[in-house]
Amino acid sequence: MDEQARMMQSLSGISLAGLSAPGGMALPPPHGHEGTDGDGRKQDIGDILHQIMTITDQSLDEAQAKKHGLNCHRMKPALFSVLCEIKEKTGLSIRGTQEEDPPDPQLMRLDNMLLAEGVSGPEKGGGSAAAAAAAAAASGGVADNSIEHSDYRAKLTQIRQIYHTELEKYEQACNEFTTHVMNLLREQSRTRPISPKEIERMVGIIHRKFSSIQMQLKQSTCEAVMILRSRFLDARRKRRNFSKQATEILNEYFYSHLSNPYPSEEAKEELAKKCSITVSQGVRTTITVSQVSNWFGNKRIRYKKNIGKFQEEANLYAAKTAVTAAHAVAAAVQNSQTNSPATPNSGFPMKDEEFQLDSAESKNTLLSNMFAGGYPTPCYQPDGRIQ
DNA sequence: TCAGATGATTGTAT
DNA sequence: ATACAATCATCTGA
């Protein structure tokens, strides 16, 4: 009804004002105070107004017939195309500029994560393999967690399934809604000016709305995966202490390189290999290079924080090292008549900074003196005692 | 059960 | 990339 009235008004505008009316809206021109067809126009407008006013008096059939008549009006396509053009040029076109917005970085992050975690990628391989590798790395390759791995994978599969069904649902709903809206707009385009571009734009809006819903789904899936990961793969949750032998090997290196306890990559590899050979409670534990790095990181910081506490240990390992080294140096010591001064040991600097000794208690022992700077390295006797 | 030890992670600086 | 520092989570022995 409303449309019908609009249509009539539009059509009257065409017939009266012409198609090229600037500003476009086919409004009736100012009342005739110019030229001789003023009266004719008045007559036309009067007719149309009359038609509008009496439209409700008409029977349904009559109205339908009139509607049909208007729909079939020969000028209708021309009018609609002009109106569409006008619409494009006005407000609606402003929204069009946003259309080519770049892909959302947040969405890209979520997608990448889901792919990396094996949720959105191919069913087998890539993702789950990566997860398994991560699990293995986090656990240090301990054999007893294969059950936990399968548990983890089962839970991940569950998440994956939920994610895919939900995603499918959203996609289906999106498609259905889009089709529905497109049909509706196509239907309406018979009675009001709707350009294909406008329909396209509407589809874009719908897709954007749905993709924001999808983003929420992805977000919560990511959260679920993170929780799962932290529960299963966080190595802190199931760490095992290193075997006594492994700790001994690491300590030996640490205290024998106290002036510079920063093993090179090769040294770390060597230590990792050595530690991995050791056996704890009948089970061979694998210690990785990164675990060696962690160990040294922890050791350095903890040693520096409380040298006094480590004094005993330091002495013990110093003596131990001395025993093994003694045999090698014994001959040289014997051959050397002069008491060759040992290289001054200033203690290990904490990365670009000279190590500062400020704990009073640590000054009481020979080893702590080593770190005070300027003191000679202790001279070890062949029996391991410090001279 | 609890305090201390210890391996791992995270945030920051270089 | 690496080291430090703080912190977490678990282990261990009393």
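Residue numbering restarts at 1 for every chain, and letters A, B, ... go by the order of the sequence lines.
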**Student:** Rounding to a whole Å, what distance do you find between A/Gln291:CD and C/dT10:P?
**Tutor:** 16 Å

**Student:** A/Lys299 has an atom NZ; how far is it from atom P of C/dA3, in whole Å?
**Tutor:**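 Spelled out: NZ on A/Lys299 to P on C/dA3 is 17 Å.
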
**Student:** What is the distance, to the nearest angstrom, from the CZ atom on A/Arg302 to the C1' atom on C/dT7?
**Tutor:**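 To the nearest whole Å, that distance equals 10 Å.
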
**Student:** Kindly work out whether a path of hydrophobic side-chain contacts (I/L/V/M/F/W/Y, heavy atoms less than 4.5 Å apart) joins A/Leu156 to A/Ile162.
**Tutor:**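 No: no chain of side-chain contacts under 4.5 Å links A/Leu156 to A/Ile162.
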
**Student:** Between C/dC11 and A/Arg240, is there an OP1 or OP2 to side-chain N/O distance shorter than 4.0 Å?
**Tutor:**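 A/Arg240 to C/dC11 OP1/OP2: side-chain N or O found under 4.0 Å.
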
**Student:** Closer than 4.0 Å, any side-chain N/O of A/Lys304 to the OP1 or OP2 of C/dA5?
**Tutor:** yes

**Student:** Can you check whether A/Lys309 has a side-chain N or O nearer than 4.0 Å to OP1 or OP2 of B/dG4?
**Tutor:** no

**Student:** Just the rounded figure in Å: distance from P of B/dA5 to CD of A/Glu312.
**Tutor:**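 To the nearest whole Å, that distance equals 13 Å.
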
**Student:** Below 4.0 angstrom from OP1 or OP2 of C/dC4, is there any side-chain N or O of A/Arg300?
**Tutor:**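 Answer yes for this pair, as a side-chain N or O of A/Arg300 is under 4.0 Å from OP1 or OP2.
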
**Student:** Taking only N and O in the side chain of A/Asn294, is any of them less than 4.0 Å away from OP1 or OP2 of B/dA8?
**Tutor:** yes

**Student:** Grab the CZ-C1' distance between A/Phe254 and C/dA3 for me, whole Å please.
**Tutor:**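 Answer to the nearest Å: 14 Å.
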
**Student:** Counting C-beta onward and ignoring hydrogens, is there a side-chain heavy-atom pair between A/Glu171 and A/Leu167 closer than 4.5 Å?
**Tutor:**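 Yes, their side chains come closer than 4.5 Å.
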
**Student:** Has the side chain of A/Arg239 got a donor or acceptor that lies under 3.5 Å from a partner of the other kind on the base of B/dT6?
**Tutor:** yes

**Student:** Between the base of B/dA5 and the side chain of A/Asn241, is there any donor-acceptor pair under 3.5 Å?
**Tutor:**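 Flag unset: no donor-acceptor pair detected.
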
**Student:** So, is A/Tyr262 close to the C/dC4 phosphate, meaning a side-chain N or O under 4.0 Å from OP1 or OP2?
**Tutor:** yes

**Student:** With sequence neighbours left out, write down each residue that passes salt bridge (Lys or Arg N to Asp or Glu O under 4.0 Å) with A/Glu248, or none if nothing qualifies.
**Tutor:** A/Lys320

**Student:** Take the protein atom OH of A/Tyr303 and the nucleotide atom P of B/dA5, then report the distance between them rounded to whole Å.
**Tutor:** 16 Å

**Student:** What's the CG-P distance between A/Leu250 and B/dG7, to the nearest Å?
**Tutor:** 8 Å

**Student:** Parallel, tilted or perpendicular for A/Phe254 and A/Phe296, by the 30°/60° rule?
**Tutor:** tilted

**Student:** Using the test side chain to side chain donor-acceptor pair (under 3.5 Å), find all partners of A/Tyr255 that sit at least two apart in sequence or belong to another chain.
**Tutor:** A/Glu313

**Student:** Just the rounded figure in Å: distance from P of C/dC8 to CD1 of A/Ile301.
**Tutor:** 17 Å

